[in-house]
Number of protein chains: 2
Amino acid sequence: MRGSTPVGHSYPRSVETEVAVAQARVSTREVVLAAVGLFTEYGFERTTMDGIAAATGVSRRSLFRRFGSKEDILFAEHDELFATVVGYLDASPDDPLTAVRSAARMVFQGYVRDPEITLPRYRLVRAHPRLRDREVAMTARYQSAFSHYLTERAGSAFSLASGVVAASVIAAHNHVLRSWLRGSGEDEETVWVRFDEAMAYVSTAARPLLDPQGGPEPDRVLVAVYPSGAGNDEVLRRIGAALEPGGS
Amino acid sequence: MRGSTPVGHSYPRSVETEVAVAQARVSTREVVLAAVGLFTEYGFERTTMDGIAAATGVSRRSLFRRFGSKEDILFAEHDELFATVVGYLDASPDDPLTAVRSAARMVFQGYVRDPEITLPRYRLVRAHPRLRDREVAMTARYQSAFSHYLTERAGSAFSLASGVVAASVIAAHNHVLRSWLRGSGEDEETVWVRFDEAMAYVSTAARPLLDPQGGPEPDRVLVAVYPSGAGNDEVLRRIGAALEPGGS
DNA sequence: TTCTATCCTGGCACTGAATGCCAGTGTTGG
DNA sequence: CCAACACTGGCATTCAGTGCCAGGATAGAA
């Protein structure tokens with residue numbers, strides 16, 4: 001933070017003794033924290049880029065260069081996480097569904113690890129439709145990445161299934177995440193249990209979608225739809241008839 | 001469209017003879033069509049609100065008042081559709097999953113019915129990240145509405161399942177929609193068949209999530225997971241055993 | 001060390017989206 | 001005929017975002 005910034009506004013600045021030391025580049029995280037503070041105190045649109053510049057000591061011009069836009073400051077760290085997750089997926093040797101589960105876990109950890117940013121950001125996102133859209137767009141990017149990854153691994157015949165599975169995983173992730181963001185005081189261990197439960201739940205439902213006709217897979221899945229009036233004998237007869245052709 | 005607009009720019013205006021007839025309020029649809037035309041011809045950000053004002057005869061100020069922002073012009077009709085769909089859901093007496101399926105069908109029809117707007121809009125959305133985010137936010141609104149509706153009907157114990165099902169329905173919807181938007185020359189009947197197939201597919205997978213223990217529904221769903229080595233007899237035996245307790 | 005290429009930063013000017021304010025113009029209902 | 005109201009357009013202002021240019025730091029070559 002510099003001492004020579006022409007303020008002009010009334011944004012408070014962290015008081016610092018004027019030292020003649022060469023300033024290291026103000027880190028991304030410092031800027032994000034300062035911006036989050038201003039946003040929560042004055043509201044998002046009433047905080048100007050000049051204000052953030054004054055509060056951080058980074059010039060207005062440099063803020064735009066480094067972050068792109070005022071919104072992007074809020075989601076800067078999130079963007080880095082996204083790059084990490086995509087890199088992980090590309091390199092993962094695991095079974096596709098497992099890899100996606102792990103990727104979702106990484107994303108979740110990205111939130112839980114850094115409540116100092118994610119909690120106030122969540123409050124801001126809830127209050128401002130534009131920011132909400134931005135947040136939604138972020139999760140959509142994950143969903144798209146997951147979907148493409150699954151389609152690539154499972155084959156293009158499974159593109160619909162991949163899209164559905166990716167959407168389900170993201171939905172489960174967001175479900176647990178939102179409840180953590182809302183009840184901010186929750187035990188971290190409990191959250192992780194609930195996350196893993198949700199993931200187990202959704203991947204049980206998802207696995208059969210990604211390979212319905214068996215192969216080297218451990219399990220097969222049988223889905224039968226029948227009138228609720230049918231007795232068990234009738235159900236068994238129909239299933240037996242449907243099973244005949246194949247043998248084992 | 002007025003004849004007295006001080007142009008100043010070089011946007012083309014539909015040539016009209018100067019008639020002294022009182023102009024009716026320019027319809028939303030007319031404005032959207034004109035804006036879409038300008039966007040596709042000159043690009044989104046190089047089209048100014050002054051340009052749209054000149055092309056439509058509606059003043060810049062009134063455009064902002066009626067649409068809110070430049071982006072909102074592109075999605076104005078979509079917003080109306082959203083209101084319609086939500087209204088339908090609230091009033092629907094059907095089984096919840098069926099109602100959501102019908103709602104998704106309405107949304108799909110909203111696109112297919114009006115290719116004059118949705119097709120060029122899709123091209124714009126693909127090209128401009130900001131517009132893409134906006135589009136994504138729209139579908140997220142549907143997803144959220146579906147999810148809340150399902151949770152409300154199925155009980156809060158099913159909130160995770162509701163979120164997953166809503167996400168799956170939206171994913172299937174978007175899957176078919178995108179393929180229609182890309183291959184724009186497709187037969188309309190074929191599209192509808194594919195849409196209904198996708199919906200049947202996803203709701204088969206979704207139904208057990210929303211009601212695992214059966215109820216007064218017309219059909220029941222049986223899902224059996226078994227080792228691929230098991231013979232048909234063994235499968236039938238297990239299913240029979242699992243069916244016993246209930247009776248019919 | 002010195003020169004040079006390169007990168008990052010900050011200042012300046014400008015475009016254009018978005019909003020508040022006000023005045024004019026119907027339109028409706030008494 | 002007049003009042004209340006709704007809608008519209010013009011004007012001025014704020015502020016996000018961008019292009020341009022100049023200064024300072026660093027790294028590498030001479």
Side-chain angles (χ1 to χ4, degrees), chain A residues 1-11 13 20-28 30-32 34-35 38-39 42-76 124 128-131 133-134, chain B residues 1-11 13 20-28 30-32 34-35 38-39 42-76 124 128-131 133-134:
Chain A
M1 324 249 176
R2 298 282 172 74
S4 59
T5 39
V7 176
H9 279 264
S10 57
Y11 291 102
R13 299 191 39 227
V21 175
Q23 291 291 341
R25 186 181 195 265
V26 178
S27 75
T28 295
E30 286 177 278
V31 175
V32 173
L38 293 177
F39 291 157
Y42 299 99
F44 179 75
E45 46 265 339
R46 282 194 306 169
T47 302
T48 67
M49 287 299 266
D50 281 321
I52 302 173
T56 58
V58 180
S59 77
R60 187 186 125 91
R61 191 65 188 82
S62 289
L63 287 177
F64 277 111
R65 208 180 337 252
R66 287 173 56 182
F67 296 95
S69 77
K70 197 165 80 167
E71 289 180 12
D72 287 337
I73 296 179
L74 254 185
F75 298 93
L124 289 165
H128 302 273
R130 276 184 202 156
L131 298 181
D133 288 0
R134 192 64 167 60
Chain B
M1 324 247 175
R2 299 280 172 73
S4 59
T5 39
V7 177
H9 278 264
S10 56
Y11 290 102
R13 300 191 38 229
V21 174
Q23 292 291 338
R25 187 180 194 266
V26 178
S27 76
T28 295
E30 286 178 277
V31 175
V32 173
L38 292 177
F39 291 157
Y42 299 100
F44 179 75
E45 46 265 337
R46 283 194 305 169
T47 302
T48 69
M49 287 299 266
D50 281 320
I52 302 172
T56 58
V58 181
S59 80
R60 187 188 132 89
R61 191 64 186 86
S62 290
L63 288 177
F64 277 110
R65 212 183 329 258
R66 287 172 57 181
F67 295 94
S69 77
K70 197 166 80 170
E71 288 182 13
D72 287 337
I73 297 179
L74 253 185
F75 298 95
L124 289 166
H128 301 274
R130 276 185 201 155
L131 299 180
D133 288 359
R134 191 66 167 60

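Note that the structure is predicted; figures quoted are calculated from it, not measured. Within every chain, numbering begins at 1; the chains are lettered A, B, ... in the order of the sequence lines, protein sequences first and strands thereafter.
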- Applied to residues 43-75 of chain A, the ring pair (Phe, Tyr, Trp, His ring centres under 6.0 Å) test, sequence neighbours excluded, yields A:Phe39-A:Phe44

Send over the distance from [X] [atom1] to [N] [atom2], rounded to a whole Å.
X       : N      : atom1 : atom2 : result
B:Phe67 : D:dT8  : CZ    : P     : 10 Å
A:Ile52 : D:dC15 : CD1   : P     : 13 Å
A:Leu63 : C:dC12 : CG    : P     : 16 Å

- Query: Using a cut-off of less than 4.0 Å, is there contact between a side-chain N or O of A:Ser59 and OP1 or OP2 of C:dG10?
  - Reply: yes

- Presence of B:Arg25 side-chain N/O under 4.0 Å of D:dC7 phosphate oxygens OP1/OP2: no

Contact check, side chains of [X] and [Y], non-hydrogen atoms, under 4.5 Å:
X        : Y        : value
B:Asp133 : A:Asp133 : no
A:Leu131 : A:Glu71  : yes
B:Arg65  : B:Val58  : no

- Note on the structure: Given protein heavy atoms under 4.0 Å, the one-letter contact record of nucleotides 17-22 of chain C, with B base, S sugar-phosphate only and - none, is simply BBBBB-

- Residues in side-chain hydrogen bond (donor to acceptor under 3.5 Å, both in side chains) with A:Thr28, at least two apart? none

- Query: For atom CZ of B:Arg130, is the number of surrounding heavy atoms from other residues, nucleotides or ligands below 6.0 Å larger than 12?
  - Reply: no

